[in-house]
Amino acid sequence: MLKIRRISKYFGKGTVNEVAAIRNLSLEVRPGEFVCVIGSNGAGKTTLLNCVSGTIIPDEGEVLLDGRDVTRWPEHERAALIGRVFQDPLSGTCASMSIEENLALANRRGKRRTLARGLKSAERALFAQILGKLDLGLEVRLGDPAGLLSGGQRQALTLVMATLQRPTLLLLDEHTAALDPKTAGLIMDLTLELVERDKLTTFMITHNMQQALNYGDRLVMIHNGEIILDLGRTEKERLTVGDLLDHFNESKNGLGGVLNDRLVLG
Amino acid sequence: MSLYAFQGAVSLGLGYGLMVLGVYITFRVLDFPDLTVDGSLPLGGAVSSVLISRGLDPFLSLLPAFLAGFLAGTVTGFLSARLKILNLLASIITMTALYSVNIRVMGGPNVSLINEPTVFLPLRGLGLSPMLSSNLVFLGFILVIASLLIWLMKTEYGQALIATGDNPKMITSLGVNTSFTVVTGVGLSNALVALSGALIAQNQGSADVGSGIGTIVAGLASIVIGETLFPSRRVSAAIVAVVLGSFLYRLVIALALNVRFKGFSLTASDLQLITAALVVAALILPRLKRGFGEKK
């Protein structure tokens, strides 16, 4: 499904400040798998996600999606295969456009934008039906501008939009990090519901260890641009946050900043 | 204010209405402050006038004028979207270049259309007054273009255009190439401005390289006045509002030019100053409504 082959990405290449955000990283995600990627700030998880989404192009290595080498595809072309939810709830929707207009934009993900109507009446009925099943209370507010929704509601809408056209890969970029714990829980429930409904291959980035342990089939820990831990469902189920932290500290002994990361990851 | 001055304001409001619709596309829909219009307005007048003086039908001359404006806009769009030059700066660069281009097109700083046919001639031939026939032709163009624009904004392309201005990151993740929407959107905007310039030149009987100065500010003033007085979230209503804003702007200018105070009076050359003051007033008006000190 998703194959990442020995990718590296350097920032400030050729200068004294050269930093390898990711180095020689390989990862294979099987169809239908739900992978949680965890790491502290600066570990390289966002760079990894951006290499998959096409926001940045790796300096070395390849990214394959559904058997196709997409390493150099621009972001808008790759969007045909990828559904995305951002960390910032405001990033995933157009505030000035109505809920149904936002959904209609998402319903055309990866398709040519023609001079046909941007929102058909049949779509309206479809959106009301999909939203109705999810019990978000949004189905009666289809005409309201998305800007009137709360952060949690906007993130829920973005999730629905990302999965409206079944994506080959669902990319979640710390999509609950900006929400309060209760809303974050609701958004994770909705995420699971949608992922299970459509049997989606999912790639979720988080810095919340509990979340990474609770959700998904696989846990991948990244540090300094490399994978330092890769656990399947059964191994993961036996772990606690404490074990993860111990492992994390062990692998980065002598690198400093332990206290900071404990704070960040706890 | 005399009836004559009022009629003049109506006429100008109609004539520049298409320009205002063009500026609306960049300024409001794409969130792209585009100064190219100061060059594309005279460009439209230049292309149309030169072609008419070479014997082309005045109606047909509007098409090359429209296309020339589109091309000028795509240059700005390309500089900004593909070459990553700051959008305002990109438009200033194109505007500056257009000054030379316009003089090249006309073979001099202006072209006269005296004794040449114009799109207004058929109605005048029916015995209507020059002012009335001008207004009717302008009105016809505005109705057609505004309707087309309202339709366009509801298409898949139009919705992608609106989303590009609102949230480029989101619409890219939904598979839209924002370089394409920006280049074509700014192109379309300048095509309308050039069309407006062509009609105005035909109405005035001449095209002039200096006629574009202050176009953007007049456009902004019209938009802000229209939106402030007729606020609406719907794009179709906003399009109607900015056309009305175009009238009101010309009316305010006409009123200001009528001010007499102890031997002091404003003259036509004070127009740009009045416009600038008006834009500032109109821009801060919504904030005044909300009360000072409050952040957006």
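Each chain gets a letter, A, B and so on, in the order the sequences are listed, and its residues count up from 1.
Of the listed residues A:Pro145, A:Gly110, A:Gly54, the one with more heavy-atom pairs under 4.5 angstrom with chain B than any other is A:Pro145. Residue with the most contacts toward chain B among A:Gly83, A:Ala162, A:Cys94: A:Cys94 (heavy-atom pairs, distance under 4.5 Å). The most heavy-atom pairs under 4.5 Å with chain B, out of A:Ala80, A:Ala95, A:Ser53, come from A:Ala95. Of all the listed residues (B:Lys154, B:Met153, B:Arg233), the one sharing the greatest number of non-hydrogen pairs under 4.5 Å with chain A is B:Arg233.
The only member of A:Met161, A:Gln165, A:Lys111, A:Arg108 that meets side chain to side chain contact (heavy atoms under 4.5 Å, CB included) when paired with B:Leu174 is A:Met161.
Considering OG of B:Ser173 and CG of A:Leu105, their distance stands at 10.0 Å, rounded to 0.5 Å. One distance of note links CZ of A:Arg84 with OG1 of B:Thr172; it measures 9.0 Å at 0.5 Å rounding. Rounding to the nearest 0.5 Å gives a distance of 11.5 Å between CZ of A:Arg109 and CD1 of B:Ile171.
You'll find the side chain of A:Glu101 stays beyond 4.5 Å of the side chain of B:Ile162, heavy atoms only.
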**OP:** Check step by step if side-chain contact (heavy atoms from CB on, under 4.5 Å) holds for A:Met97 and B:Gln159.
**Re:** CA-CA 9 Å; A:Met97 301 176 82; B:Gln159 294 280 300; 3.1 Å; yes
**OP:** Go through B:Leu152 and A:Leu115 one step at a time and tell me if the side-chain contact (heavy atoms from CB on, under 4.5 Å) criterion holds.
**Re:** CA-CA 7 Å; B:Leu152 183 71; A:Leu115 293 179; 3.6 Å; yes
Original post:
Run the side-chain contact (heavy atoms from CB on, under 4.5 Å) check on A:Arg113 and B:Val176 step by step: do they pass?
Top reply: CA-CA 8 Å; A:Arg113 312 283 160 148; B:Val176 170; 3.4 Å; yes
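Counted within 6.0 Å of NZ on A:Lys120, heavy atoms from surrounding residues, nucleotides or ligands total more than 12; the atom is thus considered enclosed. With a 6.0 Å radius and a threshold of 12 heavy atoms from other residues, nucleotides or ligands, A:Arg117 has its CZ atom at or below the threshold. Remark: B:Arg82 CZ is loosely packed, at most 12 non-hydrogen atoms of other residues, nucleotides or ligands lying under 6.0 Å away. Open room surrounds CZ on B:Phe180; 12 or fewer heavy atoms of other groups in view lie less than 6.0 Å from it. Within 6.0 Å of CZ on B:Arg234 lie no more than 12 heavy atoms contributed by other residues, nucleotides or ligands.
There is no contact between A:Thr158 and chain B, counting heavy-atom distances below 4.5 Å. Within the 4.5 angstrom heavy-atom criterion, only backbone atoms of A:Arg112 (N, CA, C, O) approach chain B. Looking at A:Glu75, both its backbone and its side chain come within 4.5 Å of chain B, counting heavy atoms on both sides. The contact between A:Leu90 and chain B is made entirely by backbone atoms, counting heavy-atom distances below 4.5 Å.
One N or O on the side chain of B:Asp166 and one on the backbone of A:Ser96 form a donor-acceptor pair closer than 3.5 Å. Remark: the backbone N or O of A:Ser91 is paired with a side-chain donor or acceptor of B:Asn167 at under 3.5 angstrom.
A donor-acceptor contact under 3.5 angstrom links the side chains of A:Thr114 and B:Glu156, judged on distance only.
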